Amino acid sequence: MGAETLGPTVLVVEDEDSLATLISYNLGKEGYRVVLCADGEEALVLIDESPPDLILLDWMLPTVSGIEICRRLRQRAETRNIPLVMLTARGEESDRVRGLDTGADDYVVKPFSMAELVARLRAVLRRLRPGLAEDKVKHGDILIDRVAHRVTRGDEDVHLGPTEFRLLDHLMQHPGRVFSREQLLDAVWGSDVYVEARTVDVHIGRLRRALSRGAQTHGPDPIRTVRSAGYSLNG
Ligand code: CA
C-alpha cells in the first residue's frame, strides 16, 4: 500500500475493445480506478450496485444507448448528480448531444487524444467534485495532502495508518454523505477482499482517536455515526 491513494473511480462504458483498453490504460496512469463495461444494460446494473465517481459513456452501445442511460440516470435522485461525460462520433451525434438537454456534464468528440480526454475529465471533476480532483483537500480544519500522504488538523500533524488514511480520504471526498460499512469496505478495502463489517468500526475508531488526539487545537469528532446506517464526515 505505502503511498498509494485511492483515485476517483471512473466507469468507462465503451463497446470498442481497443478504445476501452487504451482509455483504461491512460486513466489508470493518471491514478483513476477504472471499471470497464461494454454494454448499456450492464452499465445501469453496475451503477446501481456501486455508483462510480465519474461516468465516461459512449453514445452508441449495445442494448441501451448512451443517451438513454444518461436520461435514466438523471431521472433518479441516487444517480442524478454523478458527473458524466459522453463520447460521441464526429457529426450529427455531437450536434444532438450539444443541442439536446441530455444532462451530460461534457462531451468529447471522437477521435480524441488521450491528453484531451484526461484534461476534460479532470475539468469536469474539478468543477463538480473538487474533493476528487485535487492533491490537497480541506474539510473544516482537516487537510489531507494526497501527494505527501500527510494529514493535518489545525497546525498539528495527524498520524494515520494506511487504512485510516484511505478511510479519511474517502469520507473527505463526499462530506455529509452516509456510507454503510459495506460501502466503506468496497471503497477502502476493495470489493474482492473478505473483511468483516465490524473491521470498519475498528478503523473508524482509530481514525477518530488520531483526529482528536492530544492537542487543544484539535476540534470535536468530525465523524458522525448514523445508527444502523453507517458513518459520515460532518458536512
Ligand atoms: Ca460504441
Side-chain angles (χ1 to χ4, degrees), residues 5-134 170 173-174 177 183 186-187 190-192:
T5 56
L6 282 183
T9 303
V10 54
L11 173 66
V12 177
V13 192
E14 167 60 74
D15 58 320
E16 272 173 60
D17 272 354
S18 55
L19 181 57
T21 306
L22 191 62
I23 291 172
S24 172
Y25 172 75
N26 281 277
L27 295 185
K29 268 201 320 193
E30 294 295 315
Y32 291 89
R33 299 204 302 171
V34 182
V35 179
L36 286 180
C37 176
D39 177 275
E41 198 75 60
E42 195 189 322
L44 285 166
V45 173
L46 277 174
I47 293 163
D48 254 2
E49 282 175 354
S50 175
D53 296 310
L54 174 69
I55 301 169
L56 181 63
L57 184 59
D58 190 28
W59 170 288
M60 296 293 280
L61 290 168
T63 64
V64 183
S65 75
I67 217 75
E68 179 58 24
I69 292 174
C70 189
R71 211 171 274 137
R72 289 195 207 171
L73 293 176
R74 289 322 190 216
Q75 281 167 358
R76 296 178 44 222
E78 298 84 1
T79 53
R80 183 172 295 148
N81 297 317
I82 301 176
L84 190 152
V85 175
M86 292 281 301
L87 291 178
T88 78
R90 190 172 297 283
E92 212 180 76
E93 287 181 354
S94 52
D95 292 339
R96 285 176 64 197
V97 171
R98 208 179 359 233
L100 286 170
D101 186 15
T102 58
D105 296 299
D106 199 2
Y107 64 96
V108 177
V109 180
K110 294 177 180 178
F112 50 83
S113 72
M114 285 300 141
E116 181 192 358
L117 181 68
V118 166
R120 298 284 282 277
L121 294 184
R122 193 179 297 278
V124 165
L125 276 184
R126 204 163 262 159
R127 178 156 56 88
L128 300 171
R129 293 284 184 280
L132 286 173
E134 307 298 332
H170 189 69
Q173 288 167 17
H174 316 271
R177 187 164 139 195
Q183 286 172 328
D186 277 359
S191 53
D192 48 353

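First listed ligand is number 1; within each ligand, the first listed atom is number 1. Computed from a predicted model, the values in this text were never measured in an experiment.
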Asks: Could you tell me which non-hydrogen atom of A104 sits nearest to which non-hydrogen atom of M86, and how far apart they are?
Replies: CB-CG, 3.5 Å
Asks: For D58, is there an ion pair with K110 - N to carboxylate O distance below 4.0 angstrom?
Replies: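 Yes, charged N to carboxylate O under 4.0 Å.
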Asks: Work out which heavy atom in L57 is nearest to a heavy atom in C70; give both atom names and the distance.
Replies: CD2-N, 4.1 Å
Asks: Sort by chain and number the protein N/O/S atoms that are closer than 3.0 Å to the Ca ion (ligand 1), and list them.
Replies: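 Listed by chain and number, the atoms are D15 OD1, D58 OD2, M60 O.
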Asks: Near F112 CZ, under 6.0 Å, is it more than 12 heavy atoms from other residues, nucleotides or ligands?
Replies: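 Result for CZ/F112: enclosed.
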Asks: Would you call R126 and D105 a salt bridge, taking side-chain N to carboxylate O under 4.0 Å as the test?
Replies: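 No, this pair does not count.
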Asks: Sequence neighbours left out, what passes side-chain hydrogen bond (donor to acceptor under 3.5 Å, both in side chains) with D39? Give chain and number order.
Replies: T63
